[in-house]
Amino acid sequence: MVRAIIKIEGIVQGVGFRPFIHKLVSQYRLCGYIKNTSSGVELELEGEEEELRKFTDDIPRKAPRLALIENIRLDFSDTLKGFTGFEILKSTTERFRNTLISPDICICDDCLRELKDKKDRRYKYPFINCTNCGPRFTIIKDLPYDRAKTSMSDFPMCPDCDREYHDISDRRYHAQPDCCPDCGPQVFFLDAEGEKIQGDAIEIARDYLKQGRIIAVKGLGGMHLACMCRNEDAAELRKRKQRDEKPFAVMCRDAETVRKICHLSEDEEKILTGFRRPIVLLEKKENELSCISENGYVGVMLPYTPLHYLLFGEDIDMLIMTSANLSDTPIMYKNEEAVEKLKGIADGFLLHNRDIQTRCDDSLCWVLEGKEYFARRSRGYVPYPVKVQGSNSRILACGAEQKASFCLSKEDYVFQSQHIGDLKNMETLQNYEQQIEHFKRLFDIAPEAIVCDMHPDYMSTAYAAEQADKLGIPLIQIQHHHAHMCSCMADNNLSGPVIGLIWDGTGYGTDGKIWGGECLVGDYAGFSRFGSIREIALPGGDRAIKDIGRIAVGMLKDAGLPTEGFENNEIIEKMLEAGFNCPGSSGMGRLFDGAAAILGIKTKCSYEGQGAVLLEAAAGETEKSYPVEFYGEPVRFDWRPMIREMFYDRKHGVDVSLIAAGFLNTLIKAGTELCVRARETYGVENVVLSGGSFQNMYIMKRLPEILRQKGFKVYHHTRVSTNDEGISLGQLLAAQAVLEKRKMN
Ligand code: ZN
Ligand code: ZN
Ligand code: FE
């Protein structure tokens, strides 16, 4: 007999960990106790050494799915304490890790089985949940996390549920949202006018769907608009929602159904079916879903709430599920609001009386090298912190603007917000400010400094300045692309120096110009702008971002080529000659825009980045590439020789798919060459890739590999988004470096 001391670090509190250990211990001949500590949990157990080792090995393999085990340490002692039985001791400390809040997690297999079991008391009950699943973040009003401080406070537990809640051997032990048809929330169905329809709400909803109608469905973090996954339904939804051309997401009954419409690799399936249930961007099979997504990918998710599962059946295997919001406003989350604002859009409403406290959109990602590659990190992930080595301050980072997010840090944890949206919209800005206050309270963080972008017109910049003033704490401004670089460094726990290849749309440069196709070298504390791209004129300023034919005219003219065929080309040429309202931009996004327009893929976009997305979709398979030339300082990629050859290729009837791929291959070559030159100058071989233009999978599937072949260590984002949503993380680490430098001086 020996005594073992087992220390487990990570997120192991409030996730059903102690009951799990209780159960696991009973499978062995061991005695002792478990208690929560400041960094996790601690066990002392007595038994045979062999048993104790096996038990310890079992912990990470069988742990509850919400637990995040970072470290397990096993020590032995010969002195026995003579434990009898097994005890759960009261926690000795109440530090912040006790208050870590779980994201909203999809229904677990056990609950799903009960949901389908006619004999179970929760048969077909849309709010079934347990310690291992269900709503969390979106229903929490305040801490400490118990039922009274969630949306479940309106639903006192019945005796049966109460018994489960207090029984440590039960799966629902201490599950705060636990409920049943007798005591919990209820669904109901309203018609287009908001009048309740009597009967089985879910059956009515299913009938509506099958009849080709559009319904609003209340989910975990907000409302969806749902309809059958057919082109005619999608067209109708598009018309009513005035969602011009942005793709819709699809919810499929199961992975097998997904395979009917998409290619699904093993890695993708793992993340698609995992308990966080993001929307995964999958390559479409050649089929008829053109009205759902016009590009090569379609965003697919599996059902994640019991309510969703009940909508599917033999007769419904795929639904369009798109966030219910109107032109850039935040996702709707209140019943009355949905009924009022979705008049004329939804034919009916599948709602319930469990309030959503916090909006949280679906997460959206590709799967890259086996991991999530986020376009949007939100439901299922937030508010789990991102652990960053070397983060040790309390900072509020305010993010960018269009894809706003914020970060708050505490010790080595950084809490990044959910998807917020475009701050230019008033309602979105309000939600942003409310969420910052909510996070500050939930995680008990009073920031010692605030950091924001350098852009003078960002709403987040104005907010940060106002708050810094109000709280009397320092305001630090970090250049947009430096923040992108730092974000990718923090994402990968790098301390620098690195080469930051930052391919992005638009960002405010230190010289007051618009940057975006940058090659930076530096670390958290600062950077040099080693490379960039030749500036592209934006005739009409911001208008050119959607009216990308204008960018094409600017680029063609700059390359000495004719501009015929483009709308208003003569007027635009005159504007260019006069230098009237034609700001220059080194944004990579603009290079994509111009190329897409020159290739005739798209000249008017309904959303930013559409040209790039369609160009990627058009790209075929070829080794072809165009000339790569550089000049000046910073070393600028001269895209003119490339554009000239693309133009002549097009004129000579070369297939657009080959020219598009040739364009992308050329960018990859140019990026690689810039990194090689930066390494020659600075001797740095770590490369981080960040920025919105790296949402191009054609590039992401090739560039990292090519750089690695050249001897670089290459890092891309894995934990936060590569687009502007990820910026807040980088701002935070860069600001910390500024604070440290100030303290030293
Ligand atoms: Zn469950
Ligand atoms: Zn109950
Ligand atoms: Fe950006």
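Here the structure is a predicted model, which means the values were calculated and not measured. Counting begins at 1 with the first residue of the sequence. Indexing begins at 1, ligand by ligand and atom by atom, following the structure's order.
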* Identify, by name, the N, O or S atom of Asp504 lying closest to the Fe ion (ligand 3). => OD2
* To do: Return the name of the atom in Asp724, of element N, O or S, nearest to the Fe ion (ligand 3).
  => OD1
* State whether His480 contributes an N/O/S atom found under 2.8 Å from the Fe ion (ligand 3). => yes
* Asked: Between Tyr463 and Tyr458, is the gap from one ring center to the other below 6.0 Å?
  -> no
* Asked: So, Tyr508 versus His480, ring centres under 6.0 angstrom or not?
  -> no
* Structure fact -> Rounded to 10°, the SG/Cys133 to the Zn ion (ligand 1) to SG/Cys108 angle comes out at 120°
* Around the Zn ion (ligand 2), what protein N, O or S atoms are found below 2.8 Å? -> Cys158 SG, Cys161 SG, Cys180 SG, Cys183 SG
* With distance as the sole criterion, is a donor-acceptor pair present between the side chains of Glu518 and Ser586 under 3.5 Å? -> yes
* To do: State, with a plain yes or no, whether a side-chain heavy atom of Asp361 is found less than 4.5 Å away from one of Arg376.
  => yes
* Asked: Is the closest basic N to carboxylate O distance between Lys403 and Glu608 below 4.0 Å?
  -> no
* Using the Zn ion (ligand 1) as the apex, give the angle to atoms SG (Cys130) and SG (Cys111), rounded to 10 degrees. => 110°
* Ring centre gap for Phe374 and His717 strictly below 6.0 Å -> no
* Do you see a donor-acceptor pair shorter than 3.5 Å between the side chains of Arg379 and Thr138? -> no
